[in-house]
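Chain letters run A, B, ... following the sequence lines, proteins first and then strands; every chain starts at 1.
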Amino acid sequence: MNSSLFQITSKIAALARSGCFVQARKLFDGMSYRDTVAWNSMLAGYSQLGLHQEALSLFHQMRISNAKPDPFTFTAALSACADSGSLLNGTKVHALVIVSGYQSSLAVNNSLIDMYGKCLNAFSAGEVFQAMDDTNEVTWCSLLFAYANSGQFNAAREIFNLMPRKVDIAWNTMIAGLGRCGEIELCLDMFKKMLQSLCEPDQWTYSALISACTESSELLCGCVLHSVIIKSGWSSAVEAKNSILSLYAKLGSLSDAMKIFESTGILTQVSWNAIIDAHMKGGNLHEAFHMFQCLPEKNTVSWTSMISGYAKNGYGEEALSFFAGMVSSHLLPDDFTFGSVLHACSNLAILGYGRMIHGSAFRRGFSTYVYVGNGLVNMYAKCGDLDGSILAFSDIYEKDLVSFNAMLFAFGLHGKAKQALQVYEDMIASGTKPDKMTFIGLLMTCSHSGLIEDGHVFFESMRSAHGLSYEADHVACMVDMLGRGGYLTEARELANKYSKTGYIEANSCEALLGACSAHSEVETGTFLGEELKVLEPDKEMSYVLQSNLYCARGLWKEAAMVRKAMIDEGLKKMPGCSWIEVRDKVTSFVAGNHFHPHMEELCKIIYFLDFEMRNPCFL
DNA sequence: GTAGGGTTAG
């Protein structure tokens with residue numbers, strides 16, 4: 001009896017190890033009696049294959065059955081939490097470790113430190129470490145990783161210095177961590193010290209160094225290191241090759257990246273994905289799609305590259321069809337995937353679909369992730385659901401700069417200036433440094449809400465207090481703000497003051513022209529319109545704005561002449577349209593279009609609404 | 001018969 005239990009268990013372990021988890025699970029489910037080792041074997045199988053959800057649900061089943069978890073159980077369960085980045089589940093398992101009395105097991109404690117480190121919770125990792133009376137190399141390395149991974153480099157260095165014996169992996173952890181934070185000089189310094197010590201750099205050392213160069217846009221430094229790698233003999237290692245490839249792909253020389261790609265004996269998924277992504281970044285969708293089709297095996301990253309690339313280039317529908325393709329090939333979306341899909345949803349302004357994605361991300365446990373949360377804030381705002389944005393924002397587990405910017409824009413977009421400025425206050429209070437985007441959001445908000453004084457203060461503090469330089473868009477926002485408020489002279493002066501070419505920049509000129517039509521300044525407007533035609537001869541904007549200017553003053557003949565001149569130049573204005581989503585169908589409306597099937601009913605409703613707005617006491 | 005660390009790509 002016992003021997004058959006042993007036999008089946010070893011079979012399960014072997015099957016799971018080789019990736020045949022379906023067969024392994026069949027055997028496991030057919031067992032009449034399972035002891036702890038049997039549960040552990042199945043659990044470890046899922047955990048190692050990256051099937052974190054399955055692992056955790058098996059762990060749960062084990063708890064409600066009679067089996068008693070042991071240190072093997074906990075290490076497998078914690079590794080599933082660690083690799084899926086689920087701090088919530090990890091903390092629950094930690095509680096069960098204490099309940100089961102295993103808090104002095106070295107392996108379990110090491111797994112706990114690893115889990116907290118991967119979930120970016122160095123503080124808890126440190127607490128576990130403090131309570132340990134027995135430690136080994138793994139303990140120290142995991143603790144070091146915990147601090148380095150969460151960007152706490154002073155603490156990481158302290159731990160590194162305290163380590164009883166510095167193994168290669170500790171050097172690699174420090175180098176990789178410093179590199180990820182953009183500390184390229186400290187990173188190279190570490191590498192020098194490593195060479196001076198008795199530790200030998202390996203493929204991971206070089207991979208981390210090259211990634212550090214990529215992170216800091218140090219192409220030249222990366223090239224030097226590339227030659228060092230060739231001399232060291234590690235250049236054929238997959239890890240090094242992939243990093244080198246992504247260095248060239250990301251820092252612009254796609255042809256160099258292609259050379260590495262074509263010379264690579266082992267074409268790993270990483271190489272393919274890096275090239276696809278480089279094509280996407282360069283806006284070369286056709287080439288990216290071609291490479292994607294040639295990919296022998298597509299993983300989550302490959303599909304996500306396609307989704308995000310098409311979404312970024314404004315092809316929302318195509319992006320969503322890639323998402324559908326991914327789902328039907330049974331790949332599980334992760335936080336990056338959801339973020340990219342939400343990006344597509346905000347471009348298409350399809351609230352219903354966006355909500356569905358939100359639900360899906362929630363069920364998979366990703367809705368509190370920063371990349372997903374930022375996408376949700378943006379999606380809800382663009383789809384007109386400000387409350388949705390607010391809820392999504394408050395759900396984000398660790399808000400970053402993009403989260404604050406997205407929420408600021410959301411309020412700004414909906415004309416809620418007070419709340420937008422509050423977001424900025426909260427952002428500063430949280431220690432997050434504002435960037436150029438933040439100030440675009442602030443200035444736009446001030447402009448749309450007529451907060452001219454606040455606008456001036458932000459514009460000034462942007463340079464003096466935050467050390468940021470003005471870009472054309474910031475100046476244009478200010479010009480727009482002053483122009484809307486009727487301060488046309490000041491607006492023009494400002495535009496002149498900050499122009500780099502001596503001429504008013506095109507986007508400031510557009511803003512000024514807009515202000516001229518709002519305030520009926522025909523002469524100035526005409527002059528600016530001619531200037532804008534010189535600045536952007538291929539754009540229809542100058543003609544449209546000038547024509548609007550004449551229309552506002554009732555100068556219909558002049559307006560018609562401008563429109564005709566535009567057509568003569570071969571320019572066409574894309575008509576603006578509005579659209580709504582009703583029961584999964586999007587209907588769009590263009591001015592002057594009478595062919596909508598329900599046009600008559602719609603006109604009646606609009607007539608009624610118009611009447612009601614003009615006579616608010618009617619009802 | 002089961003277990004614990006770093007690794008590149010979106």
Side-chain angles (χ1 to χ4, degrees), chain A residues 2-14 16-17 34-45 47-48 69-79 82 105-115 117-118 136-146 148-149 167-177 202-208 210-211 214 237-247 249-250 268-278 280-281 288 298-309 311-312 322 326 333-340 371:
Chain A
N2 269 354
S3 72
S4 101
L5 177 65
F6 282 171
Q7 277 162 6
I8 296 174
T9 307
S10 46
K11 222 173 193 177
I12 290 174
R17 250 198 305 270
R34 307 176 190 102
D35 64 358
T36 303
V37 182
W39 283 98
N40 290 347
S41 303
M42 196 61 233
L43 191 62
S47 197
Q48 281 158 15
D70 68 359
F72 290 86
T73 320
F74 287 119
T75 50
L78 285 167
S79 135
S105 153
L106 177 61
V108 172
N109 280 322
N110 285 349
S111 298
L112 279 169
I113 294 176
D114 178 52
M115 180 278 291
K118 282 184 178 153
N136 64 6
E137 272 170 14
V138 178
T139 322
W140 284 93
C141 286
S142 305
L143 188 68
L144 177 63
F145 178 74
N149 196 33
V167 284
D168 301 1
I169 185 180
W171 288 99
N172 290 351
T173 305
M174 284 301 284
I175 291 173
D202 58 11
Q203 70 271 43
W204 285 301
T205 322
Y206 289 118
S207 166
I210 291 283
S211 305
T214 312
V238 183
E239 294 82 1
K241 251 184 184 171
N242 283 338
S243 309
I244 294 164
L245 190 135
S246 109
L247 168 86
K250 277 201 173 158
T268 67
Q269 200 107 44
V270 180
S271 332
W272 283 90
N273 290 342
I275 292 286
I276 290 176
D277 199 46
M280 279 297 188
K281 287 238 164 73
K298 301 164 179 67
N299 66 8
T300 303
V301 177
S302 335
W303 284 100
T304 306
S305 284
M306 298 309 284
I307 297 168
S308 103
K312 272 183 194 151
F322 278 111
M326 173 177 177
D334 66 8
D335 50 337
F336 276 89
T337 320
F338 283 121
S340 306
Y371 196 66

> Less than 5.5 Å between centroids and less than 30° between ring planes, does A/Phe72 satisfy that with B/dT2?
Replying inline: yes
>> Using whole Å, what does the distance between atom P of nucleotide B/dA9 and atom CD1 of A/Ile307 come to?
In response: 19 Å
>> Counting the atoms with a prime plus P, OP1 and OP2 as sugar-phosphate, which does A/Ala38 contact under 4.0 Å by heavy atoms, base, sugar-phosphate, or nothing?
In response: base
> How close or far is atom P of B/dT2 from atom CZ of A/Arg34, stated in whole angstroms?
Replying inline: 19 Å
> Tell me: CZ of A/Phe336 to P of B/dG10, nearest whole Å?
Replying inline: 8 Å
> Does A/Lys118 have a side-chain nitrogen or oxygen under 4.0 Å from the phosphate oxygens OP1 or OP2 of B/dT7?
Replying inline: no
>> Measuring from the side chain of A/Asn242 (C-beta onward, heavy atoms only), which nucleotide among B/dT8, B/dT2, B/dG4 has the closest atom?
In response: B/dT8
>> Is there, by distance only and without an angle test, a donor paired with an acceptor across the side chain of A/Asp334 and the base of B/dG10 below 3.5 Å?
In response: yes
> Which listed nucleotide (B/dG6, B/dG4, B/dA3) is nearest to the side chain of A/Ser111?
Replying inline: B/dG4
> Can you check whether A/Phe6 stacks with the B/dG1 base, using ring centres under 5.5 Å and planes within 30°?
Replying inline: no
>> Measuring from the side chain of A/Glu239 (C-beta onward, heavy atoms only), which nucleotide among B/dT7, B/dT2, B/dG4 has the closest atom?
In response: B/dT7
> A/Ile169 has a side chain; which of B/dA3, B/dG5, B/dG1 sits nearest to it?
Replying inline: B/dG5
>> Tell me the interatomic distance from A/Met115, atom CE, to B/dG5, atom C1', rounded to whole angstroms.
In response: 15 Å
>> Please pick, from B/dG6, B/dG5, B/dA9, the nucleotide with the shortest atom-to-atom distance to any side-chain atom of A/Ser142.
In response: B/dG5
> Quick one: the side chain of A/Asp168 and the base of B/dG5, do they pair up donor-acceptor inside 3.5 Å?
Replying inline: no
> What does A/Val108 touch in the nucleic acid at a heavy-atom separation under 4.0 angstrom: a base, only the sugar-phosphate, or nothing?
Replying inline: nothing
> Picking from B/dG1, B/dA3, B/dT2, which would you name as closest to the side chain of A/Gln48?
Replying inline: B/dA3
> Between B/dG4, B/dG10, B/dT7, which nucleotide gets closest to the side-chain atoms of A/Leu106?
Replying inline: B/dG4
> Is the shortest side-chain N/O distance from A/Ser41 to OP1 or OP2 of B/dG1 below 4.0 Å?
Replying inline: no
>> If you only use heavy atoms from C-beta on, which nucleotide in B/dA9, B/dT2, B/dG4 is closest to the side chain of A/Asn299?
In response: B/dA9
> Base, sugar-phosphate, or nothing for A/Ser340, non-hydrogen atoms under 4.0 angstrom?
Replying inline: nothing
> In terms of side-chain heavy atoms of A/Ser243, which of B/dT8, B/dT2, B/dG10 is nearest?
Replying inline: B/dT8
> Quick one: are A/Leu5 and A/Val37 in side-chain contact, heavy atoms under 4.5 Å?
Replying inline: no
>> Do A/Met280 and A/Ser308 have side chains that approach each other closer than 4.5 Å (heavy atoms only, starting at C-beta)?
In response: no
> Mind checking whether A/Asp202 and A/Thr205 have side chains closer than 4.5 Å, heavy atoms only?
Replying inline: yes
>> Over all strands shown, is A/Thr337 touching base, sugar-phosphate only, or nothing at heavy-atom distances under 4.0 angstrom?
In response: base
>> In this structure, how many angstroms lie between the P atom of B/dT2 and the CD atom of A/Gln7, rounded?
In response: 14 Å
> Taking CD1 from A/Ile113 and P from B/dG5, how many angstroms apart are they, rounded to a whole number?
Replying inline: 12 Å
>> What I'd like to find out is whether the side chain of A/Pro69 reaches to under 4.5 Å of the side chain of A/Trp39, using heavy atoms alone.
In response: no
> Between the base of B/dG1 and the side chain of A/Thr9, is there any donor-acceptor pair under 3.5 Å?
Replying inline: yes
> Within the structure shown, what part of the strands sits under 4.0 Å from A/Asp335 by heavy-atom distance: base, sugar-phosphate, or nothing?
Replying inline: nothing
>> In whole Å, I'd like the distance from the CH2 atom of A/Trp39 to the C1' atom of B/dG1.
In response: 16 Å
> Are any non-hydrogen side-chain atoms of A/Lys118 and A/Phe145 less than 4.5 angstrom apart?
Replying inline: yes
>> Rounded to whole Å, please give me the gap between CG in A/Asp114 and C1' in B/dG6.
In response: 10 Å
> For A/Asp277, what residues pass the side chain to side chain donor-acceptor pair (under 3.5 Å) criterion, not counting sequence neighbours?
Replying inline: A/Lys281
> Does the side chain of A/Val301 come within less than 4.5 Å of A/Gln269's, by heavy atoms?
Replying inline: no
> At under 4.0 Å between heavy atoms, what does A/Asn110 touch on the DNA or RNA strands: base, sugar-phosphate, or nothing?
Replying inline: base
>> Closest approach to the side chain of A/Val270, judged atom by atom: which nucleotide of B/dG10, B/dG5, B/dA9 is it?
In response: B/dA9
> Across the strands shown, which category fits A/Thr304 at heavy-atom distances under 4.0 angstrom: base, sugar-phosphate, nothing?
Replying inline: base
